[in-house]
Amino acid sequence: MSAATDAVIPRVLKTNEATLLEEWLKEQLGAFRAAAKISETELRGQSKEFLNLLQQATQAGQVTDIRGPSFGRVRDMLGDVSRARSLQGFSPSETAMFVFSLKRPLFARIRNELSGDADSLATVTWSATELLDKLGLFTTEVYQKSREEVITRQQQELLELSTPVVKLWDGILALPMIGTLDSARTQIVMESLLQRIVETGADIAIIDITGVPTVDTLTAQHLLKTVTAARLMGADCIISGIRPQIAQTIVHLGVDLGAVITKATLADAFRRALEMTGQRDRVLKPRA
Amino acid sequence: MDRIPILKLRNLLLVSIQVDMHDRLAMQLQDELTAKISETGARGVLIDISSLDIVDSFIGRMIANIAAMARVLDAETVVVGMQPAVAITLVELGLNLPGVRTALNVDKGMALLESATRAVEDLPDVDARHTE
């Protein structure tokens with residue numbers, strides 16, 4: 001593309017800034033009922049800033065090279081807008097519409113500018129399309145990425161929520177586990193349990209696996225690792241809530257729970273823990 | 001050159017590792033501790049590793065070795081105050097330290113050692129042997 005046609009887009013953006021903005025805004029408000037989610041003032045602010053940055057960027061370098069350094073600020077601004085929109089609950093197409101709706105007003109201005117020169121008009125329209133398409137795709141990409149970030153964060157939070165370490169009595173912690181145990185989860189379980197042992201100075205930790213649907217060799221190994229790590233720190237572990245099927249599986253798999261104390265129910269484990277810490281008589285006194 | 005102090009506390013030896021453990025230091029500790037046990041006739045050894053953030057397989061093995069040697073010299077060893085990260089690392093390295101007693105802090109370690117050595121100390125001839 002020659003320099004003459006290259007300069008058309010920034011020139012059009014500069015000379016028609018006000019008209020472009022008005023037409024674009026009308027286009028945006030018409031294209032989707034954004035008014036419900038975003039105020040017109042905010043939309044106007046965003047649009048004005050975007051036009052301004054776009055004009056500077058196209059003036060400075062390659063018109064369609066949106067990954068280049070001259071488009072840095074445009075990318076940042078678009079990124080912010082689409083991240084904000086993804087959080088505000090906009091759909092992906094509504095977010096991308098922010099850029100795409102600029103097409104009609106921009107093309108109209110370009111046609112006015114180059115009326116009579118069909119060749120240049122075609123070239124410039126093409127590069128304008130390319131530019132806006134790339135920017136639109138970029139918006140969608142950022143939108144997608146920020147949604148994925150939200151999902152990852154929620155997964156993380158869910159993981160942390162699903163493994164609470166509760167204090168049952170002086171020096172006795174309980175860790176009720178619900179759901180399937182995989183490596184990532186056991187890692188978090190292990191870390192939070194050990195951390196709580198340090199914080200509370202507990203002697204006994206009861207790991208209750210009533211809510212764990214299945215136990216395979218990997219799960220059993222993770223459990224054993226947790227027990228060993230707790231022992232290294234000076235705390236004993238009791239595994240409770242082993243259901244009949246799980247007991248069968250453990251034996252069939254040939255997993256050696258060896259020195260680990262196991263109990264059928266949390267209540268039994270708690271009783272045993274009280275015995276081990278020498279609090280049994282004090283706590284389980286028969287009522288007078 | 002760093003040195004790890006070994007303190008005598010009644011009939012126990014207290015070792016508190018406050019510096020980054022490196023291989024030579026661990027070897028030196030092993031030498032000095034075994035010498036000190038036989039010199040003082042200590043009945044128990046308390047190794048406080050609460051300031052130790054990083055372990056590798058060598059240091060892990062050294063801890064197990066020191067405990068085993070102390071046992072040969074008739075002194076119970078308790079490792080106290082292991083950090084969660086260190087415990088996880090040792091487990092992942094496959095070092096379960098079997099035969100090493102552990103406790104959460106120095107206080108609990110001391111109680112554990114006392115109850116472990118009391119049975120032996122109650123015998124009069126053992127006490128007499130060490131006061132000679």
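The chains referred to below are lettered A, B, ... by the order of the sequence lines, with proteins before strands, and numbering in each begins at 1. Values below: every heavy atom of this structure, side chains too, minus hydrogens, waters and symmetry copies. Given the structure is predicted, the values throughout are model-derived calculations rather than measurements.
In this structure, chain B has heavy atoms under 4.5 Å from both the backbone and the side chain of A:Ile197. For B:Val100, the part sitting under 4.5 Å from any heavy atom of chain A is the backbone (N, CA, C, O) and nothing else. When heavy atoms are compared at a cutoff of 4.5 Å, A:Ala230 does not approach chain B at all. With a threshold of 4.5 angstrom between heavy atoms, B:Asn105 does not approach chain A through any atom at all.
The distance from atom CZ of B:Arg101 to atom CZ of A:Arg231, rounded to the nearest 0.5 Å, is 10.5 Å. The structure places OG1 of A:Thr226 at 8.5 Å from CD1 of B:Ile88, a figure rounded to the nearest 0.5 Å. The distance from atom CG of B:Leu90 to atom NZ of A:Lys225, rounded to the nearest 0.5 Å, is 12.5 Å.
For the residue pair A:Leu232 and B:Leu95, the shortest heavy atom distance occurs at CD1-O, 4.0 Å. The two atoms that bring B:Ala87 and A:Ala229 nearest to each other are CB-O, 3.6 Å, heavy atoms only.
When the shell of 6.0 Å around NZ of B:Lys8 is examined, it contains more than 12 heavy atoms from other residues, nucleotides or ligands. Atom CG of B:Asp107 has 12 or fewer heavy atoms from other residues, nucleotides or ligands within 6.0 Å. Around atom CD1 of B:Ile54, no more than 12 heavy atoms belonging to other residues, nucleotides or ligands sit under 6.0 Å away. Heavy-atom contacts from other residues, nucleotides or ligands closer than 6.0 Å to CG of B:Asp20 number 12 or fewer. For A:Arg73, the CZ atom is loosely surrounded, since the number of other residues' heavy atoms within 6.0 Å does not exceed 12.
In terms of heavy-atom pairs under 4.5 Å with chain A, the best-connected choice from B:Thr102, B:Leu112, B:Val78 is B:Thr102. Comparing B:Val79, B:Val91, B:Ile49 by heavy-atom pairs within less than 4.5 Å of chain A, the highest count is held by B:Val91.
The only member of A:Met233, A:Met190, A:Glu191 that meets side-chain contact (heavy atoms from CB on, under 4.5 Å) when paired with B:Pro84 is A:Met233.
Judged by distance alone, the side chain of B:Lys108 and the main-chain N or O of A:Asp203 form no donor-acceptor pair under 3.5 Å.
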